[in-house]
Amino acid sequence: MNPVIIIGTGLAGYGIARELRKNEYSDGLVLITVDDGQFYSKPMLSGALGKGHSVESLAMSSADRMTSELDATILTRKTVTAIDTKGHTITVDGETCSYSKLVLAIGASPIRLPFKGDGAGEVLTVNNLVDYAQFRERLADAKRVGIIGPGLIGSEFANDLLGAGYHVELIGPDKWPISTLLPVQAGRALQQSLSNAGAKWHLETFNGAIEKHGAGYRTQLQNGTTVDVDLFLSAVGVRPEVALAKEAGLEVNRGIVTDEHLLTSASDVYAVGDCAEVAGRNLPYVAPLMIAVKALGKTMTGTPTPVVYPHMPVIIKTTLHPIVTLPPSPGSVGKWSVAGGAEGVVGRFFSPEGTMSGFCLTGNRVSEKGAMIKEMPAA
Ligand SMILES: Cc1cc2nc3c(=O)[nH]c(=O)nc-3n(C[C@H](O)[C@H](O)[C@H](O)COP(=O)(O)OP(=O)(O)OC[C@H]3O[C@@H](n4cnc5c(N)ncnc54)[C@H](O)[C@@H]3O)c2cc1C
């Protein structure tokens, strides 16, 4: 019998491999990854300095250890370039491999803005352990870090860098920090706390040009301010990896389209994690991913189990001003009702009919998470 093949060894790829073994799948299992297959927790990357983690200590298991733990074959530094869903084969660096079932756990890639200027090519992004190692290497000679993108990941990196004594400047067109997930009052409370720790914010202004300047970089903002730093990190969001699936004729939208059983538009091909759009929702976070791999492990071993998401608040690791948010779905009509101030904010999002469909808690109010979940209508 052909093996189950999983493309990707992130939290989703290794997660589903573990679930398959837990559910007593005992046939062949092959995992394939572009990287070196080390098992690590990606969310740790934006809080590692503060926790005193070296790059080496972030890698929890080597590909060799995962091979024996999972009783699997793990092909590292290999790229899957094509899928033939009718023939049940994939192409890996020119070779054809057959699968019984295929799982796409290929993640999401950082959005790369088309920066101008002679320093544009040296702007860093961090989306995996290899990127992070490069970032840490560059930090060793840096004192000033510019972060392009004052969203969730940018704010988390800013928090971490400030705690480690770096000078941080955050830049972006956004009106307030983490504006896609938070009401303005919550964003401002975070902005104030990070400012108190030394962060400089340049919101609603960025002209997209990064020039080399001495040993570092310079950007001239639309409002006339000049920002000089030793390195720039871009954190402007991620986009689900859909190219491979699209090329194979699978239905894609924002992510790889699946039904509630994680099945794509092709039989025996599943998608899970950041790359997947599950019953209309692409949720690039760990909690939905863990729920999805548990359900998929059962489905793939003979017990069809739909993904049922409970309310899953996102915990934002800005320790200087912690945040928990359950944002309303994108495009929701309604408005925030917000109370509190610099110490902490409580926000509830209501539809025009008065139904609560989201919340956020910041600072000294984050402990109210359980009570807020109870206020929400059933998921
Ligand atoms: C800095 C940072 C901090 C974060 N913090 C949080 C947090 O606090 N809380 C939270 O819930 N979420 C957080 N997230 C998001 C969370 O980490 C992701 O949702 C999760 O790790 C995604 O896992 P994944 O397995 O789907 O994708 P990935 O980890 O991206 O794995 C994708 C895998 O696919 C492989 N691959 C891709 N294409 C191919 C190909 N063609 N051939 C072979 N292999 C391929 C890659 O090599 C990789 O192994 C954070 C993300 C970042 C970047």
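In listed order, ligands and their atoms are each counted from 1. Below, all heavy atoms of this structure are taken into account, side chains as well, without hydrogens, waters or symmetry copies. Nothing here was measured: the structure is a model prediction, and the numbers come from that model.
Looking only at protein heavy atoms, the nearest one to atom 27 (O) of ligand 1 is G107 CA, 3.3 Å. Of all protein heavy atoms, the one closest to atom 50 (C) of ligand 1 is I153 CD1, 3.8 Å. Considering only non-hydrogen protein atoms, atom 45 (C) of ligand 1 sits nearest to V34 CG2, 3.5 Å. Atom 25 (O) of ligand 1 has A12 N, 2.9 Å as its closest protein atom, hydrogens excluded (heavy atom only). Scanning all protein heavy atoms for the shortest distance to atom 28 (P) of ligand 1 gives K42 NZ, 3.6 Å.
Taken to the nearest 0.5 Å, the CZ atom of R65 stands 10.5 Å off from the CZ atom of F39.
Any N or O atom pair closer than 3.5 Å counts here, and P284 shares at least one such pair with ligand 1. Polar contact with ligand 1: present for V80 (N/O pair, distance under 3.5 Å). Here's the thing with D274: one of its N/O atoms is less than 3.5 angstrom from an N/O atom of ligand 1. No N or O atom of A287 sits closer than 3.5 Å to an N or O atom of ligand 1. In terms of polar-atom proximity, defined here as any N/O pair under 3.5 Å, T79 makes no such contact with ligand 1. Residue L11 places at least one N or O, backbone or side chain, under 3.5 Å from an N or O of ligand 1.
A side-chain donor from one of E156 and S46 sits under 3.5 Å from a side-chain acceptor of the other. D268 and H88 share a side-chain donor-acceptor pair at under 3.5 Å. Between the side chains of E277 and N253, at least one donor-acceptor pair of N or O atoms lies under 3.5 Å. With no hydrogens or angles considered, no side-chain donor-acceptor pair links R218 and T226 at under 3.5 Å. Checked by atom type, the side-chain pair S62/D64 shows no donor-acceptor distance below 3.5 Å. Residues E122 and Y217 have side chains that bring a donor and an acceptor to within less than 3.5 angstrom of each other.
Contact annotation for C275 and ligand 1: no heavy atom of the residue comes within less than 4.0 Å of the ligand. Contact annotation: for L289 versus ligand 1, heavy atoms closer than 4.0 Å belong to the side chain alone. Counting heavy atoms under 4.0 Å from ligand 1, residue P43 touches it through both backbone and side chain.
A cation-pi arrangement is absent between R138 and Y166, since the terminal nitrogen or guanidinium carbon is not both under 6.0 Å from the aromatic centre and inside a 45° cone about the axis.
The hydrophobic cluster containing I16 also contains M60, counting ILVMFWY residues as joined when their side-chain heavy atoms lie under 4.5 angstrom apart, directly or transitively.
Selection from D160, V130, T81, N127 by nearest heavy atom to atom 53 (C) of ligand 1 gives N127. In this structure, of I90, T33, L244, L75, the residue bringing a heavy atom nearest to atom 47 (O) of ligand 1 is T33. By heavy-atom distance, the residue among V293, V286, T76, D131 lying nearest atom 10 (C) of ligand 1 is V286.
Residue V324 forms a side chain to side chain contact (heavy atoms under 4.5 Å, CB included) with just one option from I316, V366, T362, and that option is V366. Tested against L162 for a side chain to side chain contact (heavy atoms under 4.5 Å, CB included), the candidates L194, T319, N196, L49 yield a single pass: L194. Of the options T125, I210, L233, a side chain to side chain contact (heavy atoms under 4.5 Å, CB included) to I148 is made by I210 and by none of the others.
Those atoms of ligand 1 that come under 4.0 Å of a heavy atom in G10, given as number and element, are 25 (O), 29 (O), 31 (O), 49 (O). Each of the atoms 32 (C), 33 (C), 34 (O) of ligand 1 lies under 4.0 Å from some heavy atom of A105. In the vicinity of G273, heavy-atom distances shorter than 4.0 Å reach the ligand 1 atoms 26 (O). Close approach of ligand 1 to D35 (heavy-atom distance below 4.0 Å) involves ligand atoms 47 (O), 48 (C), 49 (O). With ligand atoms numbered from 1 in the order given, ligand 1 contributes 33 (C), 34 (O), 35 (C), 49 (O) to contacts under 4.0 Å with heavy atoms of G8. Atoms of ligand 1 lying under 4.0 Å from at least one heavy atom of V126, given by number and element, are 53 (C).
Between Y132 and Y40, the gap from one ring centroid to the other reaches at least 6.0 Å.
Classification of R144 and E169 as a salt-bridged pair fails, no side-chain N sitting under 4.0 Å from a carboxylate O. With respect to K294 and E19, a salt bridge is recorded, a charged nitrogen being found less than 4.0 Å from a carboxylate O.
Ligand 1 lies less than 4.0 angstrom from a heavy atom belonging to K317. Within the 4.0 Å heavy-atom cutoff, K78 counts among the residues contacting ligand 1.
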